[in-house]
Amino acid sequence: MRTQVVIVGGGPSGLLLSQILHLRGIETILLERQSEAYVLGRIRAGVLEQGLVDMLRGADVGARMDTQGLVHHGFDISHHGQRQHINLSELTDGKSVMVYGQTEVTQDLYDARRKMNGVVIHEAKNVALFDLTTNQPHVTYEKDGKTHKVDCDFVAGCDGFHGVSRQSIPDHLRREYEKVYPFGWLGVLSETPPVSDELIYNQHERGFALCSMRNKNLSRYYIQCDLNEDLNEWSDDRFWEELKKRIPEDAAKNLVTGPSIEKSIAPLRSFVSEPLTYGRLFLAGDAAHIVPPTGAKGLNLAASDIHYLSNALISFYNSDNEGLLNAYSETALKRIWKAMRFSWSMTMLLHKFPENEGFGDRMQKTELEYLFSSTAAQTALAENYVGLPY
Ligand code: RFL
Ligand code: PHB
């Protein structure tokens, strides 16, 4: 087999790249390790920046989002019985975010790929990348007991944190930066109306909590938990009781509880691998970087990588110009580090850190008091939350 771009990984990064390239006449073959049902069963992000919303519309996959997504003009932060509204639109010249689940984005992309007869190969096992530093790389994979080979011009590594692409860059050419946080998020999805029209980020002495949503009858809640927490010990009742203790009193009174339809624990980590390029391999999304979910940046950062990478590939094929491809790593990393900083600072601001007793706690409290009283601080927060320009 031969194609122009092999895309490894069928999460949002890989699917969006294949959709954009296909619309511009560039052929791709996408290799996904899991089944489509497995990929769609993962409950992940929920908040889309304007940049990603525009990209989805531009890639002909915005129609369902535009009817079912919820435009949010602000969110709340609660701390010590106080609740501060962060008015995103007022603070950012009318910008907003879209609440629309990653599962829905992925579904829309799969539907669009099918409609355009895009080549998406599921359950492609043991993907391996070869000759990446030549002009004729190739990729092999196993399916139905056979080994297949795909020759190509470029490989896009969109295979997430545990993928094979990043590992295909020799150790001595790769520099990794990492911070692992000493806690996780226990998340619950329930078919109940959200407790509030907007998201509430709660800083509390028992630990962080987040009230989020997917639609008018689907709520997503998270609480900070220990890393070694056993999911089996978290009955729905125990989860709701703990959540109520961490959110504002009026919200706790209004909270509609119900059976969870998904419950999981996610560790929190900041991670960047540099550079994003090795010969004709280009990393994008979680394959190259991970942010803690506090700033809602993971999926959005994957989208900005795809923006830069798709432009670079289009420029190569249309104008024979390698300039943007050569600049991809540096260009994308500039925005990645800014989102790293923001996600890290939101995480530090809102979580309970076991080692923080004393001075650290007072700094956190003072930072929140400053944020609640300063329009300048709220503007900086809002500017980052709606998404920095591409
Ligand atoms: P993905 O989604 O991990 O997709 C990678 C795909 O590659 C496949 N794969 C392979 N395929 C072939 N061969 C191999 N060797 C392979 N190895 C792996 C995998 O099966 C998978 O299908 O990465 P991608 O596409 O870069 O997308 C990144 C986003 O999924 C991620 O950043 C976000 O979900 C992060 N995130 C959030 N981001 C936001 O922007 N806003 C949010 O509100 C938000 N909330 C969250 C989040 C992530 C969370 N978790 C669980 C980590 C909330 C949570 C709880
Ligand atoms: C979510 O709804 O899953 C969500 C929302 C905001 C975040 C993180 C996760 O910051």
Side-chain angles (χ1 to χ4, degrees), residues 6-18 30-36 38-49 51-52 70 72 75 97-103 105-106 109-110 120-129 139-143 155-168 184-189 194 198-201 208 210-215 218-222 262 264-269 271 283-306 339 342-343 346-347 350 385 387:
V6 168
I7 299 174
V8 187
S13 302
L15 288 165
L16 185 56
L17 181 63
S18 68
L30 188 154
L31 303 173
E32 165 57 50
R33 182 165 57 183
Q34 306 288 356
S35 67
E36 182 173 334
Y38 182 95
V39 174
L40 290 170
R42 294 188 297 224
I43 309 296
R44 288 187 168 178
V47 177
L48 316 185
E49 293 173 358
L52 173 51
L70 304 169
H72 280 213
F75 63 86
V97 291
M98 174 81 85
V99 170
Y100 188 65
Q102 178 169 331
T103 316
V105 173
T106 311
L109 284 163
Y110 271 134
V120 177
I121 299 170
H122 281 103
E123 295 172 80
K125 304 294 177 196
N126 292 324
V127 170
L129 319 181
V139 175
T140 61
Y141 66 96
E142 287 164 24
K143 184 157 166 104
V155 180
C158 301
D159 47 353
F161 185 64
H162 300 288
V164 65
S165 299
R166 189 177 68 255
Q167 306 304 336
S168 305
W185 278 18
L186 168 57
V188 156
L189 189 70
E198 293 183 341
L199 272 63
I200 314 175
Y201 289 82
F208 171 75
L210 172 62
C211 307
S212 181
M213 67 193 74
R214 290 293 175 274
N215 61 46
L218 194 55
S219 297
R220 182 70 165 155
Y221 296 102
Y222 297 97
E262 194 264 359
S264 53
I265 294 178
L268 268 69
R269 165 199 318 265
F271 172 86
L283 302 181
D286 280 15
H289 43 76
I290 296 285
V291 285
T294 327
K297 287 285 164 258
L299 173 61
N300 293 301
L301 211 44
S304 61
D305 288 356
I306 297 304
F342 176 66
S343 306
M346 279 277 276
T347 304
L350 295 171
Y385 195 86

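Atoms within a ligand are numbered from 1 in the order they appear, just like the ligands themselves.
Proximity to Val47 (heavy-atom distance under 4.0 Å) selects the following atoms of ligand 2: 5 (C), 6 (C). Short contacts between ligand 1 and Val47, defined as distances under 4.0 Å to a heavy atom of the residue, involve ligand atoms 41 (N), 43 (O). Taking every heavy atom of Gly163 and a limit of under 4.0 angstrom, the matching atoms of ligand 1 come to 17 (N). Every atom of ligand 1 with a heavy atom of Gln34 under 4.0 Å away is listed here by number and element: 20 (O). Near Asn300, meaning under 4.0 Å from any of its heavy atoms, are these atoms of ligand 1: 40 (O). Of all the atoms in ligand 2, the ones that sit under 4.0 Å from a non-hydrogen atom of Arg44 are 3 (O). Less than 4.0 angstrom separates some heavy atom of Gly285 from each of these atoms of ligand 1: 26 (O). Ligand-side atoms of ligand 1 in range of Cys158: 5 (C), 6 (C), 7 (O), range being under 4.0 angstrom from any heavy atom.
Residue-level proximity to ligand 1 for Tyr141 is absent, since no heavy atom of it falls below 4.0 angstrom. Only the side chain of Leu199 comes within 4.0 Å of ligand 2, judged by heavy-atom distances. Counting heavy atoms closer than 4.0 Å to ligand 1, residue Leu299 contributes atoms from both its backbone and its side chain. Contacts of Arg42 with ligand 1, taken as heavy-atom pairs under 4.0 Å, involve the side chain alone. Using a 4.0 Å cut-off between heavy atoms, Trp185 contacts ligand 2 through its side chain alone, with no backbone atom that close. At a heavy-atom cutoff of 4.0 Å, ligand 1 is contacted by no atom of Ser264, backbone or side chain. Residue contacts with ligand 1 for Leu31 involve N, CA, C or O but no side-chain atom from C-beta outward (heavy atoms, distance under 4.0 Å).
Close placement of the His122 and Tyr110 rings is indicated, their centers lying within 6.0 Å of each other.
The closest approach between any non-hydrogen atom of Arg214 and ligand 2 is below 4.0 Å. By the 4.0 Å heavy-atom criterion, Phe75 is excluded from the residues contacting ligand 2.
Scanning the protein for heavy atoms near atom 53 (C) of ligand 1, the closest one is Tyr222 OH, 3.6 Å. The protein non-hydrogen atom at the shortest distance from atom 8 (C) of ligand 2 is Pro293 O, 3.3 Å. Residue, atom and distance of the protein heavy atom nearest to atom 11 (N) of ligand 1 are Arg33 N, 3.1 Å. In terms of protein heavy-atom proximity, atom 3 (O) of ligand 2 is closest to Tyr222 OH, 2.6 Å. Nearest protein heavy-atom neighbour of atom 25 (O) of ligand 1: Ser13 N, 2.9 Å. Looking at atom 18 (C) of ligand 1, its nearest protein heavy atom turns out to be Asp159 O, 3.0 Å. From the protein, the heavy atom lying nearest to atom 6 (C) of ligand 2 is Tyr201 OH, 3.3 Å. Given atom 15 (N) of ligand 1, the protein heavy atom at minimum distance is Val164 CG1, 3.7 Å. With hydrogens left out, the protein atom closest to atom 32 (O) of ligand 1 is Asp286 OD1, 2.7 Å, a heavy atom.
The structure places CG of Leu199 at 8.5 Å from CZ of Phe75, a figure rounded to the nearest 0.5 Å. A distance of 12.0 Å separates OH in Tyr38 from CD in Glu123, rounded to the nearest 0.5 Å. Here the straight-line distance linking atom CG of Asn126 with atom OH of Tyr141 works out to 13.0 Å at 0.5 Å rounding. Taken to the nearest 0.5 Å, the CG atom of Asp159 stands 10.5 Å off from the CG atom of Leu30. We find the OH-OH distance between Tyr201 and Tyr222 to be 9.5 Å, quoted to the nearest 0.5 Å. Put simply, CD on Glu32 and CD1 on Ile121 are 11.5 Å apart, with the number rounded to the nearest 0.5 Å.
Taking any N or O of Thr294, backbone or side chain, at least one lies under 3.5 Å from an N or O belonging to ligand 2. For ligand 2, none of its N or O atoms has an N or O atom of Tyr385 under 3.5 Å away. At under 3.5 Å, a nitrogen or oxygen of Arg44, whether backbone or side chain, sits near a nitrogen or oxygen of ligand 1. On a distance-only criterion, Glu32 and ligand 1 share at least one N/O pair closer than 3.5 Å. Taking only nitrogen or oxygen atoms, main chain and side chain alike, Gly46 reaches within less than 3.5 Å of ligand 1. Of the polar atoms of Ala296, at least one N or O is found under 3.5 Å from an N or O of ligand 1, judged by distance alone. Of the polar atoms of Gly298, at least one N or O is found under 3.5 Å from an N or O of ligand 1, judged by distance alone. Between His162 and ligand 1, a contact under 3.5 Å exists for no N or O pair.
Scanning both residues, Phe161 and Phe271, for their nearest heavy atoms gives CE1-CD2, 3.6 Å. Minimum heavy-atom separation, Cys158 to Ile306: SG-CD1, 4.3 Å. Nearest heavy atom pair, residue Arg166 against residue Asp286, reads NH1-O, 4.3 Å. Leu40 and Thr103 make their closest contact through O-CG2, 3.0 Å (heavy atoms, listed as atom of the first residue, atom of the second, distance). Listed here is the closest heavy atom pair of Leu350 and Phe208: O-CB, 3.5 Å. Minimum interatomic distance between Pro194 and Asn215 (heavy atoms only, all atoms of both residues): CG-O, 3.5 Å.
For atom 2 (O) of ligand 2, the candidate residues are Ser343, Ser212, Gly187, Ala266; the nearest heavy-atom contact is made by Ser212. In this comparison of Arg220, His289, Gln102, Arg166, the heavy atom closest to atom 29 (C) of ligand 1 sits on Gln102. When Ala45, Pro12, Gly101, Gly11 are ranked by how near their heavy atoms come to atom 36 (N) of ligand 1, first place goes to Ala45.
Looking at heavy atoms from C-beta onward, Phe342 lies out of side-chain contact with Val291 at the 4.5 angstrom threshold. Two residues are said to be in side-chain contact when any heavy atoms from C-beta on lie closer than 4.5 Å; Ile43 and Arg220 meet this criterion. Contact annotation: the side chain of Val6 never approaches that of Val127 to less than 4.5 Å [non-hydrogen atoms, C-beta and beyond]. With a 4.5 Å cut-off on side-chain heavy atoms, Lys143 and Lys125 do not count as touching. Residues Leu299 and Arg44 fail the side-chain proximity criterion, which asks for heavy atoms closer than 4.5 Å.
The nearest protein heavy atom to atom 5 (C) of ligand 1 is closer than 4.0 Å.
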For this session: Give the intermediate values and the outcome of side chain to side chain contact (heavy atoms under 4.5 Å, CB included) for residues His289 and Asp305.
Result: CA-CA 11 Å; His289 43 76; Asp305 288 356; 2.6 Å; yes
